[in-house]
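We count ligands from 1, going down the list as the structure has it; atoms in each ligand are counted the same way.
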Amino acid sequence: MAKITASVYTSHVPAIGVALDLGKTQEPYWQPLFAGYEPSKQWMRDNRPDVIFLVYNDHATAFSLEVIPTFAIGCAAEFEPADEGWGPRPVPKVIGHPELASHIAQSVIQQDFDLTIVNKMPVDHGLTVPLSLMCGELDPQTQAWPCPVIPFHVNVVQYPVPSGRRCFQLGQAIRKAVESYDEPLKVQIWGTGGMSHQLQGPRAGLINREWDNAWLDQLIADPKACSETPHIDYVREAGSEGIELVMWLIARGAMADVAGGPVPTVKHRFYHVPASNTAVGHLILENNS
Ligand code: DHB
Ligand code: FE
């Protein structure tokens, strides 16, 4: 049986990818941000998964306004880094896991979540920046990401977007799906995006440290209550793009305690302002069952 071993949560600011790709990580502006991910990179080396189920949002890159799936699961064998206007990031292509992805699609759809199945999808900063932050320097021999990744897109760009409650329930369905897969795979589930940021309008640049940290406290200690946070609270308190945080609830819903198991261990927690115009939040939770 496959198992969800841990969940990882992180912001996915595009400027972080640029800083990495241009070798700016030790510059005074960026150094404190990247220092916060040093323990995470070590943790990844010590806890290498067989597969990462990576929840992110496509930022009108693979999906234009012509077709907007609420939830889409990447079932392909590989996914190319997307060109977001400056050429694709110089990172490896993402190797998928079509067998596990198809199994999760089958199980989750049968649990009444209507996923869109995607067999071709360039992946943007929402997916590649978290991978770069967590994986650090790649194996010089293979120059590959350390394991296969199943990309899972959530629409948080065009309203109506799914509720935190729906995302939390979907996480629970994903856990059941993973646990009904025959092979003994160690699967990590990652939730990305957030924390507080607003990229446009009169409130552009909004950061709300106090709200972000209270939300993180509740995500850890009482995820069900956290999942009841209404949309308007994210937008009012964490800015228009703060709504990306609903994706973290998918990862949190997949943890063992939500299904009556032991509470997870907080392996790492980090918060940093600013990265570009965004508050960066990061958390690693390990399952204890
Ligand atoms: C920016 C874009 C994002 O998708 C995000 O989550 C944070 C910041 C940006 O363009 O700065
Ligand atoms: Fe984003």
Below 4.0 angstrom from a heavy atom of [X], which ligand 1 atoms are there? Numbered from 1 as shown, please.
X: H125; answer: 2 (C), 3 (C), 4 (O)
X: N277; answer: 11 (O)
X: T278; answer: 7 (C), 8 (C)

H12 ring center within less than 6.0 Å of H59 ring center: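 So the answer is yes for these two rings.
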Check: F152 ring centre within less than 6.0 Å of Y56 ring centre: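 They do not qualify: ring centres at least 6.0 Å apart.
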Region of P14 engaging ligand 1 - heavy atom pairs below 4.0 Å: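 It is the side chain that gets close, since no backbone atom is under 4.0 Å.
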Plane angle bin for H268 and F270 - parallel if under 30°, tilted between 30 and 60°, otherwise perpendicular: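 Aromatic pair F270/H268 classed parallel.
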Mutual orientation of the aromatic rings belonging to H231 and Y159 [parallel < 30°, tilted 30-60°, perpendicular > 60°]: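 H231 and Y159: perpendicular rings.
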Should [X] be listed as contacting ligand 1, given a heavy-atom distance under 4.0 Å as the test?
X: E241; value: no
X: G193; value: no
X: S276; value: yes

Worked verdict on W248 versus F168 for ring pair (Phe, Tyr, Trp, His ring centres under 6.0 Å): CA-CA 8 Å; W248 293 32; F168 187 61; over 10 Å; no
K3 and E179 ion-paired at < 4.0 Å: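 No salt bridge links K3 with E179.
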Rounded to 10 degrees, the angle NE2 of H12 makes with OE2 of E244 at the Fe ion (ligand 2):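 Result: 110°, to 10°.
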Atom 5 (C) of ligand 1 [closest protein heavy-atom partner, distance rounded to 0.1 Å]: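 I find the closest protein heavy atom is H197 NE2, 3.2 Å.
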Side chain to side chain contact (heavy atoms under 4.5 Å, CB included) evaluation trace for T192 with S11: CA-CA 5 Å; T192 74; S11 306; over 6 Å; no
2.8 Å cut-off met by an N, O or S atom of H125 to the Fe ion (ligand 2):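 False for H125.
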Sub-3.5 Å N/O-N/O distance, E244 and ligand 1: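 Yes, since at least one N or O of E244 sits under 3.5 Å from an N or O of ligand 1.
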Minimum-distance pair of heavy atoms, taken over all atoms of N287 and M255: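 N287 and M255 have their closest heavy atoms at OD1-CE, 3.1 Å.
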